[in-house]
Amino acid sequence: MGLLKENSIYALTQEDLKFFLGANDFSLELAPIILQNLYKKNKRTKTLSEKLLSALEGNFSFSLPEIKQVSKSPDGTIKFLMGFPDQKTVETVLIPFHKRFTVCLSSQVGCAMKCSFCYTGTMGLSRHLKGSEIVGQYVVAANYLRQELGQKPISPNIVFMGQGEPLHNSEEVLKAINVFMEPLGLGIGPRQMTLSTAGFLPGMRKLADFPKINIALSLHSPFNEVRKELIPINQHYPLEDVLGALDELDLMKRQFVTYEYLLIDELNDRKEDADELEKLLGNRPAIINIIPFNPFPGSAYKRPSKEKVESFKEMLVERKLRTMVRTTKGSDILAACGQLKSKT
Ligand code: SF4
């Protein structure tokens, strides 16, 4: 098997396809029909001529990641181990939410950020994923929903919260976002996508070039000293700089930045933490998302009790901070936040 070529069909926007069609004497009007065929949004889509099909197949790879393993949790979460032709693998997770699914995509094989609470961080970075490999995870997961579960073709929402720091691979992630947004392809709106960053400042500075997707920051502590222990890159990119970069984002009306707060027993669940969070976020368009820590094999931290989670939430609400507690899904199959790991 050859490597997934850079000229994968899954890396192409309508503009790219038009460029190809024009250069090969095909009508530019075929571009949307190719996209509709590729993503099977409309059963009545016109079929493509043999000549065009063979031109496409001769120039582009159509290969998708291969499902190596599927794990299902009784709560409806489905975790895939997806493999690429170079034998690298990543995990992709489908999370049920009301009547639809959200797909959690990986952006790298492993991760260089080494967050101390994260299973992926123990792997180190093996390589970046290409835009087409990020789109490929989505296509494979959505096909699985349709074929195996008979789901209607409602596009799952997307979170870039799987393996990897998406802004450490910002160029390829942006390519994937542009493909996701193609109206005649997958047609996923920017507000249906959320990118989560650990605060990788060089990548955050590129967010100005991104469509207006939702942004989440892994905050986890309002104190640099504690945050540095949890997210080592905080040594180079301290909180004040990271929050400053978020302040510069051109948000839409009523758009908030989500601050993820992994609640760890006896580490960041004190009154001082709530007071400092109020100082930091009280005047910012912020939603705090409390995520009770999900243990993984060998992890040094403990999950707080339900009562402690509730009382920390109360402290934040009293301080007029918009706060939610994320219900953990898929922790029994190591599919929850910070639990993803695959062979590199
Ligand atoms: S939490 Fe995210 S950024 Fe940190 S090591 Fe894990 S995958 Fe990487």
Side-chain angles (χ1 to χ4, degrees), residues 79-82 88-93 95 102-129 133-134 137 158-170 172-173 176 193-207 214-221 224 226-239 241-242 245-246 257-264 267-268 289-301 303 326 328-331 334-344:
K79 181 172 81 167
F80 302 96
L81 181 69
M82 297 210 189
K88 303 285 180 195
T89 55
V90 294
E91 292 187 325
T92 307
V93 185
I95 306 149
T102 292
V103 59
C104 178
L105 299 176
S106 291
S107 53
Q108 296 175 312
V109 182
C111 183
M113 303 295 135
K114 298 198 171 10
C115 302
S116 61
F117 54 85
C118 173
Y119 208 14
T120 311
T122 63
M123 297 165 65
L125 176 67
S126 177
R127 72 166 170 88
H128 295 305
L129 290 186
E133 293 172 320
I134 298 170
Q137 291 171 66
I158 292 175
V159 292
F160 292 97
M161 295 186 187
Q163 286 167 261
E165 160 56 55
L167 293 180
H168 188 210
N169 185 19
S170 57
E172 296 298 316
V173 169
M193 294 186 251
T194 303
L195 180 148
S196 173
T197 176
F200 182 65
L201 205 52
M204 290 179 79
R205 297 212 169 97
K206 298 191 183 144
L207 279 174
N214 301 308
I215 300 295
L217 173 75
S218 299
L219 179 61
H220 308 333
S221 170
N224 276 316
V226 180
R227 193 167 183 268
K228 206 159 70 182
E229 184 196 317
L230 295 166
I231 305 177
I233 57 161
N234 190 84
Q235 289 176 52
H236 308 292
Y237 314 121
L239 254 184
D241 295 353
V242 167
L246 289 176
V257 172
T258 302
Y259 291 85
E260 286 155 1
Y261 198 89
L262 194 66
L263 201 65
I264 299 174
L267 185 84
N268 58 2
N289 197 359
I290 298 176
I291 310 163
F293 174 66
N294 296 307
F296 58 82
S299 57
Y301 303 115
R303 186 182 175 93
R326 188 190 297 170
T328 301
K329 296 239 167 111
S331 56
L334 292 182
C337 289
Q339 290 186 313
L340 301 185
K341 190 175 179 189
S342 60
K343 286 194 210 118
T344 59

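Throughout, numbering of the chain's residues begins at 1 and tracks the sequence. Atoms within a ligand are numbered from 1 in the order they appear, just like the ligands themselves.
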Proximal ligand 1 atoms for Lys114, defined as those under 4.0 Å from one of its heavy atoms:
5 (S)
Just jot down the ligand 1 atoms closer than 4.0 angstrom to any heavy atom of Gly164, in number order.
7 (S)
Metal proximity, Cys118 vs atom 6 (Fe) of ligand 1, N/O/S cut-off 2.8 Å:
yes
In terms of side-chain geometry, is the basic nitrogen of Arg127 or Glu133 positioned less than 4.0 Å from the acidic oxygen of its partner?
yes
Could you tell me whether the side chains of Gln108 and His168 share a donor-acceptor contact shorter than 3.5 Å?
yes
Do you see a donor-acceptor pair shorter than 3.5 Å between the side chains of Glu165 and Ser107?
no
Run through Ile158, Leu195, Thr194, Val257 and flag the one making a side chain to side chain contact (heavy atoms under 4.5 Å, CB included) with Asn214.
Thr194
